[in-house]
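Have a look at the structure below before the remarks.
Counting starts at 1 for both ligands and their atoms, following the listed order.
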Amino acid sequence: MAESSTAKLKSGAATESNLPLSPAPNSTLCEVALPVPLPQTFTYSIPLNMTVEPGMRVVAPFGARRLVGVVVGCGQMPAGLNPKTIRPLQRVLDEIPALTQEFIALSRWVADYYLTPLGEVLPAFLPRAASLRNKTKLVITETGREALGPVRAGKESIVTSAERQMLERIAKRGGLSSGTLRGSEALVEKLRRRGWLAVERSVEDSVGRSPHVEAATERNAAFDKSVFPRWELSPPQQTALTRINDQMDTGDFGVLLLHGVTGSGKTEVYMRAIERALARGRSALMLVPEINLTPAMAGQFAARFGERIAVLHSGLDDRDRERVWQRVREGKSDVLIGTRSAVFAPLARPGLIIVDEEHDGSYKQEEAPRYSGRDVAIVRAKESGATVVLGSATPSVETRYHAETGKYQLLELEGRVQERPLPQTEIIDMRQELAETGKQTFLSRRMVEAISMRLQQHEQVMILMNRRGFSSFVICRSCGKTVECANCSIALTHHKRAARLLCHYCGYARPVPQVCPECQSEHIYFMGEGSEKVEAALGKHFPEARIGRLDRDTARARGSAESILASFHAHELDMLVGTQMIAKGHDIHGVTLVGVISADMGLARPDFRSAERTFQLLTQVSGRAGRGEREGIVVIQTYYPDHYAIKAAAAQDYAQFYKQEQRFRQLMHYPPFAALANVIVKSDSQETVLKLTGRLGRFFESLQEDKQKGRGWRMLGPAAAPIPKLKKAYRYHFLIKAEQRSLLRKVLIAAQDFARREKFPANALIIDVDPQSLF
Ligand code: ADP
Ligand code: ZN
Ligand code: ZN
């Protein structure tokens, strides 16, 4: 529930309140979530001629402004409240609620848990056009028809002539949109209240087939259909499926971790479980990190579930999103695949929620509301008595911990299907390479040899270089400065084909300098490498090879990621170079070599998850090798061959990694052994940010010094954020670690109250609960 303490008056001349969620037909008051950075909702009175239900969008006066908000509750005027202090709503924008009750309840949970105003949560998940294009009409009801019937002898007609005219007009046309009835609102409203007219959703199918199902089906054609057979389950797959089915059969909420190595056949288990959910009359939701990057997976589901499937992801435009949303809401699709925000889709009675690659960082939204799609999925499942399957070859430490301690059930697939072996891995120590060759290079002799061997055998190769661009920075040898972004404290990356220096954080671009922008020296050097340079270098080494590249630059145009992947699937490309995008779930049987140019890149990040992220990325990308008939190998180049994340990934040994990582987390009080929040203070003025940070720091200290309030949590910081200036804002941060979540909440709410009391500028304080990255 949203924070709502006392009923004190607020600036909007509306009160904070917490009215019941139930739609009350004769409500006189409603609670409205408004898009303002305040943690409460606001109460308005409902004018007599207005019908309002939770889930409808309304226009409400707020100070001198008018804002569009969402009604989240309706009720009666409580005794003791002076009606004069409450302002009336100005307009209702929807005839039927744009948002379901379940959606509102889930949004309330998000607002509460992530300490974000409900008014900022709700609009974030609505397809923008959805509520504006509600197709509804007014129709005459049975009782309305009776009222129109012949007047019996001796009785007076109960219908006035104006009413009769209106009813007949509507009856004759088989229903009318309220737009056509403008000017007669009062009369219509009266007839509605009497039960003679009702609002009906227009039934004609304006939506049609989801264009993305079509797209997915078309793309299928690009993949060999024999990738999509219905497999006889292997015994381990069968065991896992039985456990999932048993859980679904209880009809109760439960979470299972499906921990299966790469290539263990998790997808087939998902599909069978979905079939079971449907057979039980329940719908199914599957969250995936990024759909464009797994077109084969989307195609496979489309082939199995046909028309019943809908696909929802962030790349859709508003119209497409609206279509999918409506299809799901109308029950025409009861299998939904989508990225994180699909967890809010109006799917009725979900019985199964799958979160594929549950460890993936993209489930966390890095702007407000900073929610985790995976965690919201679990909450949603709890509300609807659904089974959750979290699937991964490299579960997050938190999830694996919950499975070990019994909070989740643990299902393991320890081997690949058809007893295919996991790939053999070699580690290349790049320090030694430098010592032996005397050359600073990013392609070791062994890497080149391994590639040429595979190419000679007409097998396919994937090369991971987890940074896009050509050179990663430009440095001046005279003054020692790197060319930085104008808005961020970040070195600009050289993109050769685009002939630009680009900031990967804010998009700032500038021409490639001929001389140092600081000292005008001509001695500027382009250093470091990105995927573009690796592609070019491989092109020189292997002029015969057909090389493709998959990164954010080449995937920018709509559909291009899919087509690059389709070409690789069809073996029209011999080699695919790319960023982490190439590591995602691809099942390409021709790949027998995976090369990692620089395994260490992620390790340098000042972030407690950097080891975990490195382990996951290396394990996932290694898992792309040897998925077909022929065995695969992996070659990993590194300057830290002894790092436990790299060693464990090379050995494909999750248990070893988990043991070490768990010890580190416990020792350092990081999740899952503490509840964590990142508190960022930011401002465009360096002076302001320092002042605010100082004040907030002293406030935290004063809490810590208090015997009662200071117990069970600790504060790290303040420190400059890892990226001290981002998008023009200077940033400092604190990490708050608490033994219990309730304690963490208390501290964070106290910080929010403090910032409000002390009149911090709006948006100066950012609270990230369960942060996935600390930049
Ligand atoms: P994961 O997601 O666990 O990495 P996938 O679901 O992509 O693995 O499955 C790997 C490959 O094994 C796919 O090509 C899939 O079609 C195939 N496969 C799945 N189940 C079976 C099975 N029971 N027998 C043979 N092949 C299977
Ligand atoms: Zn210089
Ligand atoms: Zn920038």
Side-chain angles (χ1 to χ4, degrees), residues 223-241 258-273 286 288-289 294 296-297 299-301 303-304 354 356-358 389 391-394 411-420 422-423 474-493 501-510 513-525 569 583-591 619-629 652 723-729 775:
F223 300 104
D224 184 356
K225 276 271 191 298
S226 64
V227 187
F228 309 140
R230 189 188 170 82
W231 297 104
E232 278 297 313
L233 293 186
S234 68
Q237 282 174 314
Q238 185 59 57
T239 308
L241 178 65
L258 179 59
H259 186 170
V261 298
T262 55
S264 58
K266 295 185 284 294
T267 317
E268 186 63 41
V269 176
Y270 299 153
M271 290 196 288
R272 297 290 181 108
M286 179 155 112
V288 295
T294 45
M297 162 104 87
Q300 208 171 343
F301 275 74
R304 183 82 52 104
I354 296 165
D356 188 30
E357 311 291 0
E358 68 82 31
V389 176
S392 179
T394 51
L411 312 176
E412 288 182 293
L413 301 175
E414 286 170 355
R416 285 186 161 179
V417 292
Q418 298 186 327
E419 289 168 11
R420 284 174 197 145
L422 282 166
V474 182
I475 191 164
C476 168
R477 284 267 160 97
S478 301
C479 72
K481 292 233 161 76
T482 54
V483 183
E484 283 205 352
C485 174
N487 310 316
C488 313
S489 44
I490 284 287
L492 294 174
T493 307
L501 300 189
L502 287 185
C503 172
H504 288 181
Y505 288 85
C506 76
Y508 170 85
R510 57 162 293 162
Q514 302 300 318
V515 295
C516 170
E518 287 287 328
C519 73
Q520 322 308 323
S521 151
E522 284 172 9
H523 299 286
I524 52 171
Y525 287 81
H569 261 274
K584 308 253 169 177
H586 309 297
D587 185 45
I588 299 167
H589 288 200
V591 177
T619 309
Q620 292 289 346
V621 77
S622 302
R624 303 311 113 207
R627 293 168 78 93
E629 313 263 287
Q652 303 261 344
I723 301 178
K725 188 181 168 207
L726 187 65
K727 297 179 187 171
K728 291 201 165 93
F775 72 89

| Just heavy atoms, cut-off under 4.0 Å: does Val261 contact ligand 1 by side chain, backbone, both, or neither? | backbone

| Proximity of Glu232 to ligand 1 by residue part, where a heavy atom lies under 4.0 Å | backbone

| said: So if I count the atoms of ligand 1 from 1 in the order they appear, which ones are less than 4.0 Å from some heavy atom of Gln418? | reply: 25 (C)

| field | Numbering as shown, the atoms of ligand 1 that approach His589 to under 4.0 Å (heavy-atom distance) | value | 14 (O)

| task | Provide the protein N, O or S atoms situated under 2.8 Å from the Zn ion (ligand 3); waters are not included. | result | Cys485 SG, Cys488 SG, Cys503 SG, Cys506 SG

Are side-chain heavy atoms of [X] and [Y] found at a separation under 4.5 Å?
{"X": "Cys479", "Y": "Cys516", "value": "yes"}
{"X": "Glu268", "Y": "Val417", "value": "no"}
{"X": "Gln652", "Y": "Thr619", "value": "yes"}
{"X": "Asp587", "Y": "Met297", "value": "no"}
{"X": "Ser264", "Y": "Pro236", "value": "no"}
{"X": "Tyr505", "Y": "Asn487", "value": "no"}
{"X": "Pro517", "Y": "Val483", "value": "yes"}

Can you tell me which residue and heavy atom of the protein come closest to [atom], and the distance to 0.1 Å?
{"atom": "atom 21 (C) of ligand 1", "result": "Trp231 CG, 3.4 Å"}
{"atom": "atom 20 (N) of ligand 1", "result": "Gln237 NE2, 3.0 Å"}
{"atom": "atom 3 (O) of ligand 1", "result": "Lys266 NZ, 2.8 Å"}
{"atom": "atom 4 (O) of ligand 1", "result": "Gly263 N, 2.7 Å"}
{"atom": "atom 14 (O) of ligand 1", "result": "Asp587 OD2, 2.4 Å"}
{"atom": "atom 8 (O) of ligand 1", "result": "Gly265 N, 3.2 Å"}

Does the [X] side chain pair with the main chain of [Y], one donor and one acceptor, at a distance under 3.5 Å?
{"X": "Lys266", "Y": "Gly260", "value": "yes"}
{"X": "Arg420", "Y": "Arg627", "value": "yes"}
{"X": "Arg304", "Y": "Gln300", "value": "no"}
{"X": "His259", "Y": "Leu413", "value": "no"}

| note | For Leu492 and Cys503 the tightest heavy-atom approach is CD2-N, 3.5 Å

Polar atom proximity, [X] to ligand 1 (N or O, under 3.5 Å):
{"X": "Arg627", "result": "yes"}
{"X": "Leu233", "result": "no"}
{"X": "Thr262", "result": "no"}
{"X": "Val417", "result": "no"}
{"X": "Thr267", "result": "yes"}
{"X": "Arg420", "result": "no"}

| message | Can you tell me if Gln300 contacts ligand 1 (heavy atom of the residue under 4.0 Å from the ligand)? | response | no

| said: Within the structure, is a non-hydrogen atom of Ser234 found at a distance of less than 4.0 Å from ligand 1? | reply: yes

| request: Report the C-alpha distance between Ile723 and Lys725 in whole Å, list the side-chain angles of each, state the deciding distance to 0.1 Å, and finish with yes or no for side-chain contact (heavy atoms from CB on, under 4.5 Å). | output: CA-CA 6 Å; Ile723 301 178; Lys725 188 181 168 207; 5.9 Å; no

| Taking it one step at a time, do Arg272 and Arg230 satisfy side-chain contact (heavy atoms from CB on, under 4.5 Å)? | CA-CA 10 Å; Arg272 297 290 181 108; Arg230 189 188 170 82; 3.7 Å; yes

| said: Under 2.8 Å from the Zn ion (ligand 2) - does any N, O or S atom of His523 fall there? | reply: no

| task | In sequence, state the C-alpha distance, the side-chain angles, and the governing distance for Trp231 and Gln418, and then conclude on side-chain contact (heavy atoms from CB on, under 4.5 Å). | result | CA-CA 11 Å; Trp231 297 104; Gln418 298 186 327; 4.2 Å; yes

| task | Go through the steps to decide whether His586 and Val591 satisfy the test side-chain contact (heavy atoms from CB on, under 4.5 Å), and finish with yes or no. | result | CA-CA 10 Å; His586 309 297; Val591 177; over 6 Å; no

| remark: With rounding to 10 degrees, Cys476 SG, the Zn ion (ligand 2) and Cys516 SG define an angle of 110°

